Structure formats: structure tokens, C-alpha cells
Colleague: 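Quick one: the structure is below, questions incoming.
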Number of protein chains: 2
Amino acid sequence: MSVDDAVDQVTQLKKMAALFHALADPTRLLILEHLLTGEHKVKELTEHLGLAQSTVSAHLACLREIDLVSVRTQGRASLYSRTESPQLSLILAQAVELASVTGSEHHWHEEHPNQPEEV
Amino acid sequence: MSVDDAVDQVTQLKKMAALFHALADPTRLLILEHLLTGEHKVKELTEHLGLAQSTVSAHLACLREIDLVSVRTQGRASLYSRTESPQLSLILAQAVELASVTGSEHHWHEEHPNQPEEV
DNA sequence: CGCTATCATCGTTAGATGGCGATGATAATG
DNA sequence: CATTATCATCGCCATCTAACGATGATAGCG
């Protein structure tokens with residue numbers, strides 16, 4: 001393995017870490033789950049989460065940086081929606097399974113057309 | 001949805017967040033990758049990572065709490081190995097793909113018998 | 001029984017982070 | 001233009017965390 005390859009690997013590991021970091025927060029996971037019902041305005045998310053608007057905006061900015069959500073401006077509102085990504089859906093589905101090993105599993109209503117929820 | 005279900009969902013979200021948090025660090029990802037070559041003593045990991053022994057031990061404790069690695073004591077050494085988990089392997093494989101979208105992809109030598117690295 | 005090697009844990013420190021209110025920017029409305 | 005609604009950004013604070021050195025615990029060795 002050359003040195004350049006090692007540098008690239010570090011870069012890749014950092015990217016992966018950043019991705020996982022974006023997912024390492026219950027609030028952001030809840031946002032991603034809620035966005036399964038379609039795009040939502042920031043205010044709607046704020047009411048749904050019961051958090052301050054600035055807090056929600058910060059979480060959305062975090063998700064936006066990793067390109068997990070997309071924004072669409074309409075008038076004064078910013079409509080957020082999940083970015084299409086089979087990889088992310090798979091990651092979340094597997095994480096649900098791992099987290100459901102113990103305790104009553106709460107079904108993340110993800111669209112996974114292949115495997116019919118075998119727990 | 002009842003209130004109890006909501007509480008369970010919060011619990012599940014916290015578990016998922018904890019899992020992702022364990023993966024949200026380049027050093028821990030590097031440890032998991034290195035453990036693909038088999039079990040390793042703490043000192044070996046310390047030399048491989050170039051970090052202090054206490055630091056490595058802390059990372060291993062973090063991975064152990066989420067049950068991503070297993071320990072096997074042998075003499076004075078603690079042999080660490082990755083816990084068997086198809087879900088985790090899938091998560092890491094998908095994360096590699098997502099992180100490889102831009103830049104030269106560095107192939108995480110994961111054992112994924114199904115899909116032959118379609119980037 | 002000393003001595004060394006290996007690892008876990010503790011205490012500390014510098015930096016990151018989630019939360020909030022306040023402020024600024026922008027667009028619809030009158 | 002003035003006002004209001006919506007959202008992003010800033011500053012602040014409490015908390016967390018990754019890194020380290022130092023210390024303690026345990027197992028092999030002479």
C-alpha cells in the first residue's frame with residue numbers, strides 16, 4: 001500500500017465518520033423518519049419535535065452537509081425532504097435490526113421492498 | 001400510536017444513535033477494519049494506530065459496550081475480534097459506497113459474498 | 001516473592017456539540 | 001413602504017469526548 005493510498009483511506013474514514021456522526025443523534029434520526037411522510041417545512045418539524053426553531057435548523061444544516069436531505073425553497077418556507085439513497089435506507093434498516101435485538105422492536109416504516117422485516 | 005410506543009421509539013432511537021456514535025470516529029472504524037485480519041492484542045492495535053495505549057483501550061471499551069467487538073483473555077493479553085454481525089457488515093459496506101461517491105474509492109476489504117462491489 | 005509485561009481505569013485538558021434566545025435576511029401581505 | 005412570517009446564522013453555555021500520562025490490577029517469569 002502506497003502512502004497516497006493511506007492518505008486516501010484516512011479521507012474515506014473521515015467521510016464515513018462524518019456520515020455516522022450525522023446519524024448519531026436521536027433528533028436527527030427522528031427528522032429522517034418523519035421525512036418519510038414527504039417534505040416538510042421547518043416550522044412543521046419544529047412543532048413535531050418540540051424543539052426551538054434554531055435547534056431544528058442546525059440539525060437540518062448538519063443533515064444537509066452530508067447530503068442526507070434536500071431543500072426546496074417555496075415562498076418564505078424551506079421544504080426539506082430526504083435525499084434518495086438506497087444505501088442510507090439499507091443502513092437505517094440494518095441499524096433498526098441491531099437496535100431491536102433487545103426490547104420491543106418499533107418498526108421504522110422504511111420502504112424496503114426486498115426483505116419483509118425478518119426479526 | 002400510544003404513549004408507551006412513543007417511549008419505546010425514543011429508546012430505539014437512542015440505541016441507534018449510540019450505535020452510530022460508536023461508528024462516528026475514524027480511529028474506531030480503523031480498528032474495525034484492522035480486526036478483519038483476525039483477533040489482535042491491544043498492544044498490536046496500539047502500534048498499528050500510533051496512539052497511546054489508554055486511548056486505544058478507551059476506543060475498544062466503546063466498541064465493546066455496543067457489542068461490536070468481543071474480548072478473549074489469554075495470559076496477560078486481551079485478544080479483540082469483531083463480533084459476527086451481517087447487519088454491521090452491511091452498514092459498513094453501504095457507508096463505504098456513500099463515502100466513495102466522490103474521490104478515489106478505497107476498497108474496504110469486507111467479506112460481502114453477495115454484491116461484488118458495484119460502485 | 002520480586003519483576004516485568006499487558007491492559008483497564010482515573011484525572012485532566014483542549015476542542016466539539018446540542019440546546020437556547022437574539023439577530024439578520026428574505027418573501028409574502030396590506 | 002411597513003409589517004409579518006419563516007428560516008438561517010450568531011453568541012453563549014453546559015455537557016461531552018478524544019487524547020494523553022499516571023496509576024492500579026493481573027498474569028507470566030526468574
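So you know, we letter chains A, B, ... as the sequences are listed, proteins then strands, and number each from 1. Bear in mind that the values here come from a model prediction, so they are computed numbers and not experimental data. Computed from heavy atoms alone, side chains included, the values below leave out hydrogens, waters and symmetry copies.
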Colleague: Please give, in whole Å, the distance from D:dA8 P to A:Arg64 CZ?
Modeller: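 The distance from CZ of A:Arg64 to P of D:dA8 comes to 6 Å, rounded to the nearest Å.
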Colleague: So which atom in A:Ala17 and which in B:Leu29 form the shortest heavy-atom distance, rounded to 0.1 Å?
Modeller: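 Heavy atoms only, the tightest pair is N-CD1, 3.8 Å.
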Colleague: Answer with yes or no whether the hydrophobic clustering places A:Leu79 together with A:Leu45; edges join I, L, V, M, F, W, Y residues whose side-chain heavy atoms lie under 4.5 Å apart.
Modeller: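 No, A:Leu79 does not connect to A:Leu45 through the hydrophobic network.
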Colleague: Between D:dC7 atom P and A:Leu49 atom CG, what is the distance in whole Å?
Modeller: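 Taking CG of A:Leu49 and P of D:dC7, I get 13 Å after rounding.
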Colleague: Do you know which two heavy atoms are closest between A:Ile91 and B:Ala95, and how far apart they sit?
Modeller: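 Heavy-atom minimum between the residues: CD1-N, 3.8 Å.
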Colleague: Rounded to whole Å, please give me the gap between OH in A:Tyr80 and C1' in D:dC7.
Modeller: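 Roughly 8 Å, once rounded to whole Å.
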Colleague: Under 4.0 Å from any atom of DNA chain D, heavy atoms only: list the residues of residues 40-48 of chain A that qualify, in numerical order.
Modeller: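 By residue number: A:Lys41, A:Val42, A:Lys43.
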Colleague: Can you see whether A:Ser81 engages A:Ser70 through a side-chain donor-acceptor pair at a distance of less than 3.5 angstrom?
Modeller: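 Distance-only check fails for A:Ser81 and A:Ser70.
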Colleague: Dot-bracket, DNA chain C: Watson-Crick or G-U, under 3.5 angstrom, [ ] crossing, | other strand?
Modeller: ||||||||||||||||||||||||||||||
Colleague: In B/S/- notation, 5' to 3', how is nucleotides 17-30 of chain D contacted by protein heavy atoms closer than 4.0 Å?
Modeller: SSSBBB----BS--
Colleague: If a pair satisfies ring-ring contact (aromatic ring centres under 6.0 Å, His included) and one of its residues is in residues 66-91 of chain A, list it, with sequence neighbours excluded.
Modeller: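 Every candidate ring-ring contact (aromatic ring centres under 6.0 Å, His included) pair involving residues 66-91 of chain A fails, so no pair, neighbours aside, qualifies.
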Colleague: Find the distance A:Leu23:CG to C:dG18:C1' and express it as a whole number of Å.
Modeller: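 Result: 16 Å.
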Colleague: I need the NZ-C1' distance between B:Lys14 and C:dG18, as an integer number of Å.
Modeller: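 Taking NZ of B:Lys14 and C1' of C:dG18, I get 14 Å after rounding.
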Colleague: Give the table of side-chain donor-acceptor pairs shorter than 3.5 Å for residues 46-60 of chain B, with sequence neighbours excluded, one pair per line with atom names and distance.
Modeller:
residue	atom	partner	partner atom	Å
B:Thr46	OG1	B:Val42	O	2.9
B:His48	NE2	B:His34	ND1	3.3
B:His59	ND1	B:Arg28	NH1	3.1

Colleague: What residues, two or more places apart in sequence or in another chain, satisfy side-chain hydrogen bond (donor to acceptor under 3.5 Å, both in side chains) together with A:His40?
Modeller: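 side-chain hydrogen bond (donor to acceptor under 3.5 Å, both in side chains) check on A:His40 returns A:Thr37, A:Glu44.
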Colleague: Atom OG in A:Ser89, atom CD in A:Glu84: separation rounded to 0.5 Å?
Modeller: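 The CD atom of A:Glu84 is 7.0 Å from OG of A:Ser89, to the nearest 0.5 Å.
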Colleague: Could you tell me if the side chain of A:Leu19 sits less than 4.5 Å from the side chain of A:Leu68, heavy atoms only?
Modeller: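 With C-beta onward as the side chain, the pair touches.
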Colleague: For B:Gln9 and A:Glu33, which I'm curious about, is there any donor-acceptor pair between the side chains at under 3.5 Å?
Modeller: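 Yes, because at least one side-chain N or O of B:Gln9 sits under 3.5 Å from a partner of the opposite role on A:Glu33.
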Colleague: Touch check for B:Ser57, heavy atoms < 4.0 angstrom, all strands: base, sugar-phosphate only, or nothing?
Modeller: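 Since a base atom lies under 4.0 Å of B:Ser57, the category is base.
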Colleague: Does a side-chain heavy-atom distance below 4.5 Å link B:Asp67 with A:Leu98?
Modeller: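 The answer is no; the side chains never approach within 4.5 Å.
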Colleague: May I have the distance from B:Leu63 (atom CG) to C:dC7 (atom P), rounded to whole angstrom?
Modeller: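 Rounding to the nearest Å, CG of B:Leu63 and P of C:dC7 are 16 Å apart.
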Colleague: Just how far, in rounded Å, is P of C:dA16 from CD of A:Glu65?
Modeller: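 About 14 Å, once rounded to whole Å.
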